[in-house]
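Presented below is the structure to which this report refers.
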There are 2 protein chains.
Amino acid sequence: MNAKQVLDLAMTAYWHGDPADVSVNAICQMAGISKPSLYREFGSEDGLSRAALDRYAEQVLSEMFVILHGGTGLRQTLGALIDFASDDPRMETGCLFYKMRAGKHRLGPKTRARVEEIDAAGQSANAAFLQAARDAGDWPEGLSVEAGAKYLGEQIALAITQRASGEDPARIREMLTLALSVFTRP
Amino acid sequence: MNAKQVLDLAMTAYWHGDPADVSVNAICQMAGISKPSLYREFGSEDGLSRAALDRYAEQVLSEMFVILHGGTGLRQTLGALIDFASDDPRMETGCLFYKMRAGKHRLGPKTRARVEEIDAAGQSANAAFLQAARDAGDWPEGLSVEAGAKYLGEQIALAITQRASGEDPARIREMLTLALSVFTRP
DNA sequence: GACATAAAATACCATATGGTAACAAAATGA
DNA sequence: TCATTTTGTTACCATATGGTATTTTATGTC
């Protein structure tokens with residue numbers, strides 16, 4: 001089993017379960033490699049989890065950025081985000097990034113730094129998206145773009161986190177649609 | 001230090017930090033008692049955390065139920081909930097119940113059962129409150145009471161969880177107000 | 001004071017964690 | 001072919017966890 005396979009396995013393990021509950025030992029066992037092998041490849045648990053997060057970001061998180069940068073208008077982009085969060089099968093077990101962010105204090109310094117970077121990037125992407133909508137005149141009164149960006153991000157995080165806890169996707173969609181309806185008020 | 005003092009200390013420790021990161025050893029050390037003493041009083045870690053949650057429920061969570069059962073109308077009750085979640089100093093370090101619910105899988109069976117009981121009770125209280133508003137004619141079209149109840153609960157949980165992560169209360173209030181504005185649409 | 005009894009503390013157990021030193025095997029260079 | 005470097009494994013370390021058997025300390029009773 002080569003390094004990338006191990007990384008994929010670790011990413012999936014962190015992603016499917018709770019990152020804090022997946023030990024280095026367990027990953028070695030699953031991968032069928034020894035601990036020193038893993039440590040020579042990734043340096044530390046922090047290094048491994050950071051690498052797993054990086055891989056996750058470029059492999060699945062990127063899709064969310066694509067949606068946001070699509071530039072297909074407020075309603076359409078919000079709809080795509082709702083679809084992704086509520087029904088994309090990849091989000092069935094939640095999102096590794098949100099899981100790590102929720103348990104930030106348990107992460108090593110490198111992984112935590114990456115989480116914060118991604119968080120900031122997500123917020124910027126949200127803000128850019130909403131700013132474009134505002135520039136197009138499609139915006140409710142009395143709401144700052146920054147607050148809206150954070151709100152949008154948190155609502156999506158909430159929806160995906162609920163997916164991980166087995167909530168009914170239809171119900172999640174209903175709630176997320178309700179939450180995001182504030183952007184498209186008549 | 002008597003049993004109730006120990007329980008208060010444990011509750012506060014669980015509440016202030018992350019329940020999963022507070023060990024039995026740490027509680028004994030803080031309380032200045034020995035481990036067997038604690039085990040004689042509470043049986044197990046599960047027993048202790050359940051007792052702490054019970055105490056928390058009757059001591060602070062009850063306040064939320066009081067607000068919900070106030071019967072002071074939709075807007076006013078929502079305002080009180082927003083005040084409580086955004087600005088009550090007791091919620092500055094988050095809510096023990098929400099913290100435990102977020103890490104449900106780490107809890108012992110008794111504590112987990114209590115968490116689920118409280119969760120169900122909260123949802124019922126939300127539903128009863130919203131049903132009353134609906135009966136009073138104050139209700140947006142096309143939204144079921146059940147979905148609204150769950151939505152309301154999740155939004156408050158989100159707001160209080162953000163308090164725990166040090167978010168600016170004014171920003172939290174802004175977002176929670178935005179989220180709950182769906183109930184009072186013109 | 002002597003003795004039985006309840007309470008508390010010390011010291012321990014099994015287990016799991018992240019991490020590493022010592023060592024064997026295989027590939028790689030000359 | 002031999003030396004060297006890389007790769008991997010076994011076996012271990014220090015630490016922390018939840019939980020307990022055993023011993024000490026206090027307490028009440030005769």
Side-chain angles (χ1 to χ4, degrees), chain A residues 1-54 96 99-100 103-115, chain B residues 1-54 96 99-100 103-115:
Chain A
M1 211 173 208
N2 67 50
K4 252 178 200 149
Q5 288 176 308
V6 172
L7 187 55
D8 272 341
L9 189 146
M11 180 193 78
T12 306
Y14 286 141
W15 181 9
H16 174 80
D18 184 331
D21 289 343
V22 177
S23 68
V24 176
N25 295 296
I27 289 173
C28 289
Q29 200 169 341
M30 287 186 268
I33 62 171
S34 71
K35 240 188 315 183
S37 301
L38 191 147
Y39 273 83
R40 254 193 284 275
E41 192 65 42
F42 298 100
S44 65
E45 185 177 38
D46 190 19
L48 173 63
S49 60
R50 182 202 152 117
L53 175 57
D54 279 345
L96 176 56
K99 287 183 179 186
M100 283 185 167
K104 221 197 294 192
H105 61 283
R106 272 184 257 262
L107 301 173
K110 289 188 238 169
T111 310
R112 181 162 51 232
R114 259 278 181 279
V115 164
Chain B
M1 212 174 207
N2 67 51
K4 251 177 201 150
Q5 288 176 309
V6 172
L7 187 54
D8 272 341
L9 188 148
M11 181 193 78
T12 306
Y14 286 141
W15 181 8
H16 174 80
D18 184 330
D21 289 343
V22 177
S23 69
V24 176
N25 296 295
I27 289 173
C28 290
Q29 199 168 340
M30 288 187 266
I33 62 172
S34 71
K35 236 185 321 182
S37 300
L38 190 147
Y39 273 84
R40 246 191 298 278
E41 193 65 39
F42 298 102
S44 66
E45 184 177 39
D46 190 18
L48 174 62
S49 61
R50 183 205 153 114
L53 175 57
D54 279 345
L96 176 56
K99 287 183 178 186
M100 283 185 167
K104 221 197 296 193
H105 61 281
R106 270 183 259 259
L107 301 174
K110 291 189 237 170
T111 310
R112 181 162 51 230
R114 258 280 180 277
V115 164

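What you see below is based on every heavy atom in this structure, not just the backbone, and it leaves out hydrogens, waters and symmetry mates. Numbered from 1 within each chain, the chains take letters A, B, ... in sequence-line order.
A heavy atom lying under 4.0 Å from DNA chain D marks the following residues of residues 14-25 of chain B, by number: B:Ser23, B:Val24, B:Asn25.
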Any chance you could list the contact pattern along nucleotides 5-11 of chain D? Use B for base contacts, S for sugar-phosphate-only contacts and - for none, protein heavy atoms under 4.0 Å, 5' to 3'.
---BBB-
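For DNA chain C, the span of nucleotides reached by chain B at under 4.0 Å from its heavy atoms goes, 5' to 3', from C:dA8 to C:dT10.
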Which side-chain N or O atoms in residues 9-17 of chain A pair as donor and acceptor under 3.5 Å with protein atoms at least two apart or in another chain?
unit_1: A:Thr12; atom_1: OG1; unit_2: A:Asp8; atom_2: O; d: 2.8
unit_1: A:Trp15; atom_1: NE1; unit_2: A:Gly94; atom_2: O; d: 2.6

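Legend: residues meeting side-chain contact (heavy atoms from CB on, under 4.5 Å) with B:Ala26, ordered by chain and number and at least two apart, are B:Ser23, B:Met30. For B:Asp54, the side-chain contact (heavy atoms from CB on, under 4.5 Å) criterion is met by B:Arg50, B:Arg114, not counting sequence neighbours.
Looking at B:Leu53 and B:Ser49, their side chains never come closer than 4.5 Å, going by heavy atoms from C-beta outward. A 4.5 Å side-chain heavy-atom check between B:Lys35 and B:Asn25 finds at least one atom pair inside the cut-off. Within the 4.5 Å cutoff, side-chain heavy atoms of A:His105 are placed close to those of B:Asp21.
Taking both residues in full, the closest heavy atoms of A:Ala20 and B:Arg106 are given as CB-NH1, 3.7 Å, listed atom of the first, atom of the second, then distance. In terms of heavy atoms, B:Val6 sits closest to B:Ala31 at CG2-CB, 4.2 Å.
For the atom pair CD of A:Glu45 and CG of A:Leu38, the computed distance is 9.5 Å after rounding to the nearest 0.5 Å.
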Residues B:Ile33, B:Glu41; criterion side-chain contact (heavy atoms from CB on, under 4.5 Å); working and verdict:
CA-CA 11 Å; B:Ile33 62 172; B:Glu41 193 65 39; over 6 Å; no
